[in-house]
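Whatever order the structure lists ligands and atoms in, that order sets their numbers, starting from 1.
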Amino acid sequence: SQELSEDAHIDYHAALLALQEHGTRMVCTGKMHTDRICRFDYLCYCSEAEEFVFFYSNSSVMLPNLGPRRFQPALLDLSSVEDHNTQYFNFLELPAGALKFMPKPVFVPDVTLILNRFNPDNLMHVFHDDLLPAFYTMKQYLDLDDEARLVFMEGWGEGPYFDLYRLLSSKQPLLKEQLRNFGKLMCFTKSYVGLSKMTTWYQYGFVQPQGPKANILVSGNEVRQFAKAMMEKMNITGPEAAAKEAEGAEEEKGKEKEKREDYIVVFSRSTTRLILNEAELIMALAQEFQMRVLTVSLEEQSFASIVQVISGASMLFSMHGAQLVTSLFLPRGAAVVELFPYAVNPEQYTPYKTLASLPGMDLQYVSWRNTMEENTVPHPDRPWDQGGIVHLEKEEQERIQTSKDVPRHLCCRNPEWLYRIYQDTLVDIPSLLEVLKESLKTRPNLKRSKAASTVHPGRVREPQCRTSVQATNEAKLTVSWQIPWNLKFLKVREVKYEVWIQEQGENTYMPYILPQQNYTFSENIKPFTTYLVWVRCIFNKSLLGPFADVLMCRT
Ligand code: UDP
């Protein structure tokens, strides 16, 4: 218990008294267990029982007070994966009086974030499920600062990427197994339980086949700010930092920046899902793009050195796999090229495509798929979790081996999926270059790619309509408006206005896109009719503003 008590500047007796008198206090956000994060004073953990404990007293608080609904199915998700039944959090209740009969509690003075890592052995899961959600949960609660303590309750060991979790705060994260070292009863003075799901973009297929989340709430901006913060913690000066440095400095440094060479990175896997002709691929890419080609692999380099290389790359090539999550460190304008083994449909496995396509990520994404059976090397004899199928019935093995496409399936043990995804691939260079030619809209270019503006227009102002009747079957409707208030502060490439005209009582409308701030409609406008008119502003074709209040226009 040395580490905790050393920086324990709290008065033990005061803390014990507070716990006995006030008990535990909990106040949560969120309506459902799937969107809930709870803040506690004096949440305790009993390592013998492996249970969190809420101590009742006259002044304890429990909001929401769900009664037995707290178990239907749980108070909250402890990981960022939605509603996974192995990741639920709950606590036991005890009267504060029971403390008299319990071992003396050890108090944790740090503000603590308690969570489950979902799969700390897999780099995609590490970033997507744990690091990004923890990073932004900590941004949400000000006292979860650099001094915060993280506690991982999933029960796994440190795992291969523990150093990445260490970057989240200056204090060493605690694992569930370490909690018992601190005594039988630990009480967290101040803690937050649960993770924000705001930054996740992918669902892994537990209830429906995997795919992008239905309602993605994160943009490239937040992913890139996270990446920047991680790089700073790893002491990596990315190309942006280097460029900034050069800007202010003397001319020579500026020239150096100009000379900074474009290069391609091939992320190679050394144990499974191999590219069998990696050397040939590298030569072909160097030849085709006239760029240097570097290879990186998790087996051979430190993670920081990989990030350093990727953060300056123009293109990243890799077989489908968790290592591709590192594309979040690519500079804007770079291309991600994901290679898929034989019989695997790239459309159905899109965690990295979704990442690259987040608005504001500004990455190009290209997938290539091996369609030549003679170029694939399956491994039927391996263990089931590396795609082996010899444990299956002969008929099933045959079916799998002759199938040309893995049908849609749920996570995580579908043998046909595992068999196909763990194949090694001889990449057919001509077909890959063909796909690149077709799909790369522009040559990946880092120098020209500034962050595109994401500012949305405000409402158009002072919308008005005037009408006139020309003849018994002819009328005119003139609509005018003023520019949105924020436009005068912005440099916008293209400003357009959208006008919807609906005849009252009809359930369809006519949409128009206009470059100017007024227009007289005469086609399809009838006399003595009421029209409802909506007007909004659009920047650069895709940034839609809100509609102004509807106009009622009677001809
Ligand atoms: N991995 C690796 N080299 C390999 C195989 C795997 O670095 O040859 C890493 C991979 O990036 C991931 C972890 O090991 O972080 C687990 O790999 P697995 O194939 O199980 O998962 P996937 O990459 O398909 O998500």
Over 12 non-hydrogen atoms of neighbours within 6.0 angstrom of CD in Glu374: yes

Close approach, Gln386 and ligand 1, non-hydrogen under 4.0 angstrom: no

Ring centre gap for His84 and Phe206 strictly below 6.0 Å: yes

Contact partition for His320 relative to ligand 1, non-hydrogen atoms under 4.0 Å: neither

Heavy-atom nearest option to atom 15 (O) of ligand 1, drawn from Leu418, Leu123, Thr271: Leu123

Flag if over 12 foreign heavy atoms under 6.0 Å of CD, Glu299: yes

Nearest-contact summary for atom 18 (P) of ligand 1 - protein heavy atom, Å: Tyr422 OH, 3.3 Å

Heavy atom of Glu299, distance to ligand 1 below 4.0 Å: yes

Distance flag, aromatic centroids of Phe52 and Phe89, threshold under 6.0 Å: yes

Atom 6 (C) of ligand 1 - nearest protein heavy atom and its distance: Arg269 NH2, 3.4 Å

Over 12 non-hydrogen atoms of neighbours within 6.0 angstrom of NZ in Lys353: no

Test of proximity, Ala322 against ligand 1: N or O pairs below 3.5 Å: yes

Glu416 and Ser403: side chain donor to acceptor below 3.5 Å: yes

Which residue and heavy atom of the protein sit nearest atom 11 (O) of ligand 1, plus the separation: Gln323 OE1, 3.2 Å

Ligand 1 versus Phe267: contacting region, heavy-atom distance under 4.0 Å: neither

Sole candidate of Thr354, Thr350, Leu217 that passes side-chain contact (heavy atoms from CB on, under 4.5 Å) when paired with Trp201: Thr354

Aromatic contact, His379 with Tyr422 (centres under 6.0 Å): no

Side-chain donor-acceptor pair present, Gln210, Tyr202, cut-off under 3.5 Å: yes

Nearest neighbour in protein (non-hydrogen) for atom 16 (C) of ligand 1: Asn122 ND2, 3.9 Å

Tyr161: numbered ligand 1 atoms lying under 4.0 Å from its heavy atoms: 15 (O)

Atom 24 (O) of ligand 1: nearest protein contact (heavy atom, Å): Arg273 NH2, 2.8 Å

Close approach of Asp121 to ligand 1, heavy atoms, under 4.0 angstrom: yes

Leu298 neighbourhood, listing ligand 1 atoms whose heavy-atom distance to it stays under 4.0 Å: 7 (O), 11 (O)

Ring-face cation of Arg420 near Phe340 (centre distance under 6.0 Å, axis angle within 45°): no

Sub-4.0 Å atoms of ligand 1 with respect to non-hydrogen atoms of Gly321: 23 (O)

